[in-house]
There are 2 protein chains.
Amino acid sequence: MQPEVVPAGTPGEATRARVERAALDLFASRGFENVTSDEVADAAGISRRTFFRYFATKADAVWGDFAGHVARLEALLAAGDPGQPVLASVCAAYVEVNAYPDSQLHLLRERMQLILTEPALLAHSQLRFAEVDRAVARYVAVRTGESPDRLVPRLVAASTRAAATTAFEAWLADEASSLVDQLRVALEEMAGGFLALRR
Amino acid sequence: MQPEVVPAGTPGEATRARVERAALDLFASRGFENVTSDEVADAAGISRRTFFRYFATKADAVWGDFAGHVARLEALLAAGDPGQPVLASVCAAYVEVNAYPDSQLHLLRERMQLILTEPALLAHSQLRFAEVDRAVARYVAVRTGESPDRLVPRLVAASTRAAATTAFEAWLADEASSLVDQLRVALEEMAGGFLALRR
DNA sequence: ACACTAATGACACTGAGTGCCACCGATCAA
DNA sequence: TTGATCGGTGGCACTCAGTGTCATTAGTGT
């Protein structure tokens with residue numbers, strides 16, 4: 001693994017990516033709970049202590065650049081068409097931010113499979129997804145002129161996120177399906193008030 | 001506390017309740033993370049080992065009889081009017097199951113305040129709320145003749161739960177508000193497809 | 001009085017996460 | 001070249017959640 005020269009740029013960026021890969025592989029093959037942070041660190045060639053400098057918790061190692069994901073969502077919301085209804089803007093941004101190139105979909109599937117399947121990771125996900133909720137609620141608040149912690153902004157954030165998460169589950173369950181299609185269907189169904197169920 | 005005679009019925013029921021009270025009090029006054037399981041056990045007059053026989057995790061000590069809550073929700077769903085649209089039935093059951101007598105609302109507020117406020121408990125809540133989701137998805141599946149793990153049943157479960165959780169947050173934020181009213185408003189708003197936002 | 005059973009407590013152990021400190025290599029000033 | 005500084009690292013010890021094991025105790029039935 002090279003004498004680790006690191007000519008320029010962020011020094012540990014390669015290391016961080018290596019640890020993420022090791023973690024993802026180990027968790028996927030043996031289960032999150034059955035892998036110790038020591039084993040992940042060993043597999044990545046660093047000490048356990050250093051592992052916890054890269055990631056605050058064992059669970060955080062599977063999230064990749066989630067902060068960047070949230071930032072991109074916020075950017076999409078900010079850049080969206082203000083003539084469009086609020087709810088439609090949020091749904092569009094949710095679909096758009098998950099329109100990954102094919103080359104990245106496999107990795108995303110791996111991550112989400114773990115996050116939505118492993119109990120400890122599912123629990124932890126609540127804390128990360130809450131960042132998304134806050135971003136969406138802020139946007140809805142701006143658009144509606146309300147405070148971000150009033151009912152409607154929170155409600156839109158919580159509901160769209162629930163729909164998006166369900167779409168991810170459906171995508172994981174069907175190997176052949178398209179993520180953005182699942183997102184579109186789920187978000188439209190929910191945002192439309194479940195018209196199909198009004199019989 | 002009596003010589004612990006326990007003439008009949010479940011032996012440790014009084015103890016369990018005592019531990020829950022101690023946990024709730026300590027967590028509320030000092031914060032979930034700042035209280036050790038040892039301290040809760042001491043406050044309840046049992047050993048730490050026994051504490052973990054009553055509750056699988058520290059977090060579980062704040063949930064009271066949540067399994068019973070889920071069972072009541074299922075019973076309400078099963079007993080609901082089959083002539084009513086599915087979504088309306090789910091919303092009605094959600095409101096109904098949370099129609100607690102005033103005497104119990106204070107305790108509920110205490111629990112939910114912790115659960116939705118303390119990060120560790122919020123994360124853990126995902127695992128408990130997933131039980132509700134599964135129950136609702138099963139019901140929707142029966143009503144629509146689909147499998148419980150298809151998109152629509154899951155979607156209804158996830159969305160109604162999101163709305164209910166948001167209603168709880170609003171209820172906690174406004175000391176004077178009524179829980180069932182918040183639930184009604186939030187669920188109707190969501191189930192109606194956010195009509196107010198369609199401008 | 002004697003087994004049987006269930007609840008409990010003591011103890012030891014694993015594993016996540018953290019504080020502290022010593023070390024090592026790179027950079028930079030003299 | 002030397003020497004001071006600084007960020008990333010590893011080692012160590014510690015706290016705390018959670019678990020397995022075992023001995024003790026108290027209630028129950030014979």
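Quick caveat: nothing in here was measured; it's all calculated off a predicted structure. Numbers restart at 1 for each chain; the letters A, B, ... are given by sequence-line order, proteins then strands. All values below were derived from every heavy atom in this structure, side-chain atoms included, with hydrogens, water molecules and symmetry-related copies excluded.
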[X] [atom1] to [N] [atom2], straight-line distance once rounded to whole Å:
X       : N      : atom1 : atom2 : result
A:Arg16 : D:dG8  : CZ    : C1'   : 15 Å
A:Asp60 : C:dA16 : CG    : P     : 14 Å
A:Asn34 : D:dT19 : CG    : C1'   : 15 Å
A:Arg53 : D:dG10 : CZ    : P     : 8 Å
A:Phe55 : D:dT9  : CZ    : P     : 12 Å

Identify the pairs formed between an N or O of the protein and an N or O of nucleotides 14-18 of chain D at a distance under 3.5 Å, and give each distance.
from: D:dA17; atom 1: OP1; to: B:Ser37; atom 2: N; distance (Å): 3.3
from: D:dA17; atom 1: OP1; to: B:Lys58; atom 2: NZ; distance (Å): 3.1
from: D:dA17; atom 1: OP2; to: B:Ser37; atom 2: N; distance (Å): 3.1
from: D:dA17; atom 1: OP2; to: B:Ser37; atom 2: OG; distance (Å): 2.8
from: D:dG18; atom 1: OP2; to: B:Lys58; atom 2: N; distance (Å): 2.6
from: D:dG18; atom 1: N7; to: B:Arg48; atom 2: NH1; distance (Å): 2.8
from: D:dG18; atom 1: O6; to: B:Arg48; atom 2: NH2; distance (Å): 2.9

Any Lys/Arg nitrogen of B:Arg21 or B:Glu110 sitting under 4.0 Å from an Asp/Glu carboxylate oxygen of the other?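 Here B:Arg21 pairs with B:Glu110 in a salt bridge, since their nearest N and O are under 4.0 Å apart.
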Does any part of the side chain of [Y], heavy atoms only, come nearer than 4.5 Å to the side chain of [X], both counted from C-beta?
X        : Y       : result
B:Leu187 : B:Val90 : no
B:Val97  : B:Val70 : no
A:Leu107 : A:Leu24 : yes

All pairs passing side chain to side chain donor-acceptor pair (under 3.5 Å) where residues 57-79 of chain A contributes a residue, at least two apart: A:Thr57-A:Asp60, A:Asp60-A:His124, A:Asp60-A:Arg128, A:His69-A:Tyr100, A:Glu74-A:Arg138
Would you state whether a donor and an acceptor, one from the side chain of A:Arg49 and one from the base of C:dG17, lie under 3.5 Å apart?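 No, no donor-acceptor pair under 3.5 Å.
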I want to check one thing: is the phosphate of C:dT8, taken as OP1 and OP2, less than 4.0 Å away from some side-chain N or O of B:Tyr54? yes
B:Ser47 side chain near C:dG9 phosphate (N/O to OP1/OP2, under 4.0 Å): yes
Apply side chain to side chain contact (heavy atoms under 4.5 Å, CB included) to the pair B:Thr117 and B:Phe32, showing each step before the final yes or no. CA-CA 10 Å; B:Thr117 283; B:Phe32 181 76; over 6 Å; no
